[in-house]
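Before any comments, here is the structure.
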Amino acid sequence: MQKLDPNTDGKTMDIVTENISKLKELFPEAFTEGKVDFDALKEVLGEYVEDREERYSFTWNGKSKARMLAQNPSTGTLRPCPEESVNFDTTQNLFIEGDNLEVLKLLQKSYYGKIKMIYIDPPYNTGNDFVYPDNFQDNIRNYLELTGQITADGFKISPNSETNGRYHTDWLNMMYPRLVLARNLLMDSGSIWISIDDHELSNLINMARDVFGDENFVSCFIWQKRKTRENRKVFSVNHDYIVCFAKNIKLFETTRKLLPLTEEARARYKNPDNDSRGDWQSVAITAQAGHGTKNQFYSITTPSGKVVELPSGNCWRFTKEKVEKMAADNRIWFGTNGDNVPRQKVFLDEIEAGLTPHTMWLAEEVNTTDYAKRRLNEMFDGKAVFETPKPVELIKRIMQISDDPDGIFLDFFSGSCPTAHASFELNITDDGSRKFIMVQLPEPCLEKTIAHIAGYKTIAEIGKERIRRVIKKIKAEQEEKKTQEATTLPGMSEETQQLDLGFKVLKLDSTNIKPWEVDFDNYESTLEDYITNIKSDRSEEDVLYEILLKYGLDLTLPIEERIIADKKVFIVGLGALVLCLADGITLDVVEGIAELKEEFSPEDDMMRVVFKDNGFDNDVVKTNTIQILRQHGITDVKSL
């Protein structure tokens with residue numbers, strides 16, 4: 001029986017060009033100005049390069065170590081917390097409390113290439129916000145110390161002040177490994193959207209270009225975050241930015257969605273000539289001359305006999321023959337009297353119903369920080385528990401453009417969780433079944449803050465409570481609608497009324513497995529302590545979720561508990577994994593587990609089975625277990 005390692009598990013083709021292209025897809029950060037940076041490639045592959053020759057690239061003190069930090073495997077795990085969850089056993093949504101660097105590492109196997117969209121609102125590095133100090137040697141211990149879960153050795157949470165000589169460097173070193181890991185989780189058609197202000201905008205864009213590749217930069221959107229004028233400053237800053245990068249720009253462009261047509265946009269479509277094809281609006285058929293060919297320069301005679309010449313510096317968008325065909329099909333509009341400059345008729349029923357997103361997002365469309373704060377205050381009984389929440393409408397705009405109504409999206413700086421809120425509301429609007437993963441550090445709320453006084457000791461507690469209150473509000477609204485109308489909700493299917501209104505809380509912690517640390521002064525006691533290698537304060541459920549992470553299984557797979565020959569057995573994902581951590585396992589237990597293979601018929605006929613190494617009744621049972629399971633076609637058997 002194999003022991004489960006808790007720390008692992010036309011012309012001929014231009015081969016060189018093809019290999020470089022594949023290399024760039026895998027490691028965009030190893031390219032500088034389109035060429036391979038072999039030192040950077042070595043670092044990406046795990047070889048630390050010291051004192052390498054300088055060349056043009058975006059770099060800073062600590063970049064190489066930050067890259068290595070992303071590659072160091074995590075020694076942690078995620079522990080289930082059903083008592084803080086809603087619908088723990090059935091929900092597909094996750095809230096993970098912990099250091100997002102370690103959490104992103106732990107999610108690599110289970111969610112590699114599965115996330116459709118990532119939105120994050122990281123610290124802006126304004127001098128007052130917290131920039132998490134990673135520890136290259138042991139980040140799990142560092143996390144537990146900083147969050148007060150074990151005794152600290154001098155580390156304290158404090159803002160990244162501008163007086164700090166490593167002010168920008170610390171922020172870059174914090175962000176870089178997280179972006180590297182985030183890229184791994186994205187689908188090839190996926191994208192990441194990052195809120196930021198002027199303090200680190202240029203650094204963020206340069207760093208993201210390094211991680212995602214120059215060609216995958218989508219846009220830098222401007223968001224009007226406030227309407228009021230701030231007279232206390234030299235200039236009233238009324239906007240922030242949202243930087244967007246794609247995993248693969250070509251695939252992103254083919255999947256990018258249009259925004260829903262507004263009533264104002266629909267009102268532009270009319271039918272003044274009673275065209276049988278319905279409402280339409282006219283658009284210009286001229287373009288800049290530099291983009292045209294010689295057969296796009298000509299004059300057009302209108303039905304009234306008026307000759308229309310091209311304006312200086314322009315050409316027609318279509319050839320003369322094409323315009324004549326369109327006119328014959330009544331697709332060119334010359335005005336009511338037939339003597340206007342010709343324009344193309346675009347019919348509402350023939351276009352993809354939507355608006356091309358622009359890069360200026362006004363408050364009227366996506367709301368402001370002040371509005372978001374007022375809305376959050378109302379949810380928390382008038383208490384201002386969070387200073388700078390993002391508007392739900394802003395994040396819904398991003399989802400409408402970039403996500404999949406049935407996909408998974410991630411926010412690993414989730415704060416007060418407006419992204420989870422947006423997901424619930426948008427799923428109601430479009431009958432979607434989006435699933436979210438929220439990740440938030442349990443950053444302490446200072447004692448004198450309203451949040452702390454109201455009983456919320458950490459930012460993570462605020463986020464979880466917001467999700468609970470959103471769920472409660474949606475349920476109440478649905479029940480009220482049903483009562484008033486005695487029917488299904490308008491515009492909603494019966495399936496939507498069974499919306500996934502839940503979330504599963506998991507918390508970052510050190511591994512459930514005891515490290516082998518022999519105390520030679522008390523050798524006998526140490527051996528007795530290692531009769532079981534699972535920590536005494538950990539439950540079977542804790543170990544189960546660590547196994548899910550090691551195997552790369554979805555953390556929201558259905559889990560069934562059964563009693564087989566008086567022993568508890570966990571059945572995960574309809575037979576994908578079977579786990580028994582009981583003591584005194586007999587052959588009756590093994591036979592019962594073997595029969596599960598036929599009952600569940602797991603996908604690809606593949607069932608994994610895990611036992612506790614010292615859980616068997618005796619060595620004979622342990623030896624025979626392999627043979628019994630193999631006879632039933634179960635070959636992936638491991639002990640912990």
Side-chain angles (χ1 to χ4, degrees), residues 28-29 56-67 69-70 99-101 104 118-134 157-183 191-214 216-226 230 233-246 359-361 369 386-390 394-395 398 410-416 418-419 439-441 443 459:
E29 64 269 41
Y56 173 77
S57 64
F58 179 64
T59 190
W60 62 89
N61 184 21
K63 180 180 179 181
S64 294
K65 287 189 175 181
R67 180 180 284 134
L69 189 59
D99 163 25
N100 52 21
L101 177 64
L104 288 170
I118 298 174
Y119 168 77
I120 56 173
D121 183 16
Y124 283 9
N125 209 21
T126 60
N128 297 316
D129 43 12
F130 170 55
V131 174
Y132 189 84
D134 297 313
I157 290 181
S158 60
N160 187 34
S161 170
E162 291 188 55
T163 59
N164 177 10
R166 292 170 54 86
Y167 174 61
H168 293 289
T169 299
D170 284 348
W171 188 85
L172 288 164
N173 285 332
M174 184 271 292
M175 288 294 296
Y176 188 77
R178 289 160 172 82
L179 291 185
V180 170
L181 293 166
R183 181 183 180 273
S191 57
I192 184 168
W193 303 68
I194 308 170
S195 285
I196 201 70
D197 72 357
D198 297 281
H199 285 81
E200 297 292 356
L201 174 64
S202 60
N203 282 334
L204 173 63
I205 292 177
N206 285 326
M207 177 171 49
R209 286 184 188 276
D210 188 283
V211 173
F212 290 88
D214 285 342
N216 291 316
F217 174 65
V218 176
S219 189
C220 180
F221 298 84
I222 296 173
W223 164 50
Q224 185 187 6
K225 67 177 182 179
R226 63 185 301 161
E230 193 172 20
K233 297 184 177 181
V234 178
F235 293 99
S236 178
V237 179
N238 284 41
H239 70 278
D240 275 353
Y241 306 94
I242 299 174
V243 175
C244 179
F245 275 81
T359 56
M360 179 76 76
W361 294 357
T369 301
F386 199 83
E387 284 300 312
T388 55
K390 292 296 183 288
L394 175 70
I395 300 168
I398 295 171
L410 166 68
D411 181 350
F412 55 89
F413 284 98
S414 61
S416 66
T419 40
V439 184
Q440 177 57 42
L441 181 76
E443 180 184 340
I459 300 298

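Heavy atoms only: backbone and side chains are in, while hydrogens, waters and symmetry mates are out.
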Minimum heavy-atom distance between [X] and [Y], given as atom pair plus value:
| X | Y | result |
| --- | --- | --- |
| S191 | W193 | OG-NE1, 2.9 Å |
| L104 | R178 | CD1-O, 3.7 Å |
| F245 | G213 | CE2-O, 4.0 Å |
| V211 | P28 | O-CG, 2.8 Å |
| S236 | E230 | OG-N, 2.8 Å |
| L441 | I459 | O-CB, 4.4 Å |

Find the distance between [atom1] ([X]) and [atom2] ([Y]) and round it off to the nearest 0.5 Å.
| X | Y | atom1 | atom2 | answer |
| --- | --- | --- | --- | --- |
| D99 | Q440 | CG | CD | 11.0 Å |
| L201 | N206 | CG | CG | 9.5 Å |
| H168 | D170 | NE2 | CG | 11.0 Å |
| M360 | H239 | CE | NE2 | 8.5 Å |
| L69 | K63 | CG | NZ | 15.0 Å |
| R209 | L204 | CZ | CG | 10.5 Å |

Assign the ring pair W60 / Y176 to parallel, tilted or perpendicular, where the plane angle (0 to 90°) is split at 30° and 60°.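 If you compare the ring of W60 with that of Y176, the planes turn out perpendicular.
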
Side chain to side chain contact (heavy atoms under 4.5 Å, CB included) evaluation trace for L394 with I242: CA-CA 10 Å; L394 175 70; I242 299 174; 3.6 Å; yes

Please check: side-chain N/O of [X] versus main-chain N/O of [Y], any donor-acceptor pairing under 3.5 Å?
| X | Y | result |
| --- | --- | --- |
| N125 | W171 | no |
| D121 | P389 | no |
| K65 | N173 | no |

Evaluate the side chain to side chain contact (heavy atoms under 4.5 Å, CB included) criterion for residues S414 and V439: first the C-alpha distance (whole Å), next the side-chain angles of each, then the deciding distance (0.1 Å), finally the verdict. CA-CA 6 Å; S414 61; V439 184; 5.5 Å; no

Does D411 have any side-chain hydrogen bond (donor to acceptor under 3.5 Å, both in side chains) partners at least two apart in sequence or in another chain, and if so, which?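 Partners of D411 under the side-chain hydrogen bond (donor to acceptor under 3.5 Å, both in side chains) test: T419.
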
Side chain proximity check, [X] to [Y], heavy atoms < 4.5 angstrom:
| X | Y | answer |
| --- | --- | --- |
| N100 | I120 | no |
| I205 | F58 | no |
| K390 | I395 | yes |

Please enumerate all residues that pass side chain to side chain contact (heavy atoms under 4.5 Å, CB included) together with D197, with sequence neighbours excluded.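 If we apply the side chain to side chain contact (heavy atoms under 4.5 Å, CB included) test to D197, skipping adjacent residues, the hits are Y124, T126, H199, D240.
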
Partner residues of F413 under the ring-ring contact (aromatic ring centres under 6.0 Å, His included) criterion, sequence neighbours left out: none

Criterion side chain to side chain contact (heavy atoms under 4.5 Å, CB included) on M175 and N203, from CA distance to verdict: CA-CA 10 Å; M175 288 294 296; N203 282 334; over 6 Å; no

